[in-house]
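Values below: every heavy atom of this structure, side chains too, minus hydrogens, waters and symmetry copies.
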Amino acid sequence: MFGSLSGSSYLKIGDYANAILHLKKAYDMEYKKGTEDYSKLLVSLGMSYTYSGDLEKGKYYLEMAKKAGYNTSVNFRILDSLNQLKKYFFDK
């Protein structure tokens with residue numbers, strides 16, 4: 001439980017490396033799998049990866065949250081925007 005809570009706190013303050021570390025521990029333990037909390041864990045993990053610049057891993061976890069029934073439409077809009085920025089600035 002602590003991993004998920006502390007991971008979310010790190011995400012909120014923008015410490016994505018620590019957020020990923022703690023959220024991944026909770027994910028690996030399958031913390032509350034099958035509940036809405038697990039879906040939120042997947043979204044937090046996806047957004048932590050996204051904001052850290054690993055858009056592929058971010059997308060992977062957001063897709064898992066979507067499959068679990070969580071509304072990820074806002075998260076995918078953020079991911080898409082960051083993908084567009086990446087293409088514009090770095091993939092020339």
Side-chain angles (χ1 to χ4, degrees):
M1 180 174 105
F2 184 71
S4 178
L5 293 175
S6 59
S8 296
S9 296
Y10 282 119
L11 173 59
K12 287 179 184 176
I13 63 169
D15 186 347
Y16 306 122
N18 275 314
I20 291 167
L21 177 74
H22 291 279
L23 292 166
K24 189 75 171 77
K25 285 180 185 177
Y27 171 78
D28 290 342
M29 292 174 22
E30 297 185 340
Y31 174 71
K32 293 192 174 185
K33 190 170 184 175
T35 69
E36 185 177 354
D37 285 341
Y38 187 73
S39 297
K40 289 178 183 178
L41 167 67
L42 294 171
V43 169
S44 294
L45 196 50
M47 294 313 293
S48 294
Y49 276 115
T50 298
Y51 290 141
S52 72
D54 192 336
L55 303 182
E56 289 301 313
K57 280 190 182 175
K59 182 179 180 181
Y60 172 79
Y61 287 104
L62 291 174
E63 286 287 348
M64 288 181 63
K66 184 178 179 181
K67 287 178 186 173
Y70 200 83
N71 182 355
T72 56
S73 59
V74 170
N75 306 95
F76 274 104
R77 284 198 296 268
I78 293 168
L79 180 66
D80 290 342
S81 295
L82 291 173
N83 256 324
Q84 292 300 321
L85 288 171
K86 181 181 177 224
K87 287 177 186 175
Y88 181 78
F89 287 106
F90 301 108
D91 294 344
K92 289 186 175 187

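Between the OG atom in Ser44 and the NZ atom in Lys12 there is a gap of 8.5 Å [rounded to 0.5 Å]. How far CG of Leu41 is from OH of Tyr31: 9.0 Å, rounded to the nearest 0.5 Å. With values rounded to the nearest 0.5 angstrom, Met47 atom CE is found 12.5 Å from Leu23 atom CG. Interatomic distance, Asp80 CG to Thr50 OG1, rounded to the nearest 0.5 Å: 10.0 Å. Taking NZ from Lys32 and OH from Tyr38, the interatomic distance works out to 13.5 Å, rounded to the nearest 0.5 Å. With rounding to the nearest 0.5 angstrom, the CG atom of Leu42 is 11.0 Å from the CG atom of Asp37.
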Identify all side-chain donor-acceptor contacts of residues 51-68 below 3.5 Å with residues at least two apart in sequence or on another chain.
from: Ser52; atom 1: OG; to: Ser48; atom 2: O; distance (Å): 3.3
from: Ser52; atom 1: OG; to: Tyr49; atom 2: O; distance (Å): 2.8
from: Asp54; atom 1: OD1; to: Lys57; atom 2: N; distance (Å): 3.2

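Shown here are the side chain to side chain donor-acceptor pair (under 3.5 Å) partners of Asn83, two or more places apart in sequence or in another chain: there are none. Every residue two or more places apart in sequence or in another chain that forms a side chain to side chain contact (heavy atoms under 4.5 Å, CB included) with Ser73 is listed here: Asn71, Arg77.
Cluster annotation: Tyr70 and Phe76 are assigned to the same hydrophobic cluster (Ile/Leu/Val/Met/Phe/Trp/Tyr, side-chain heavy-atom contacts under 4.5 Å, transitive).
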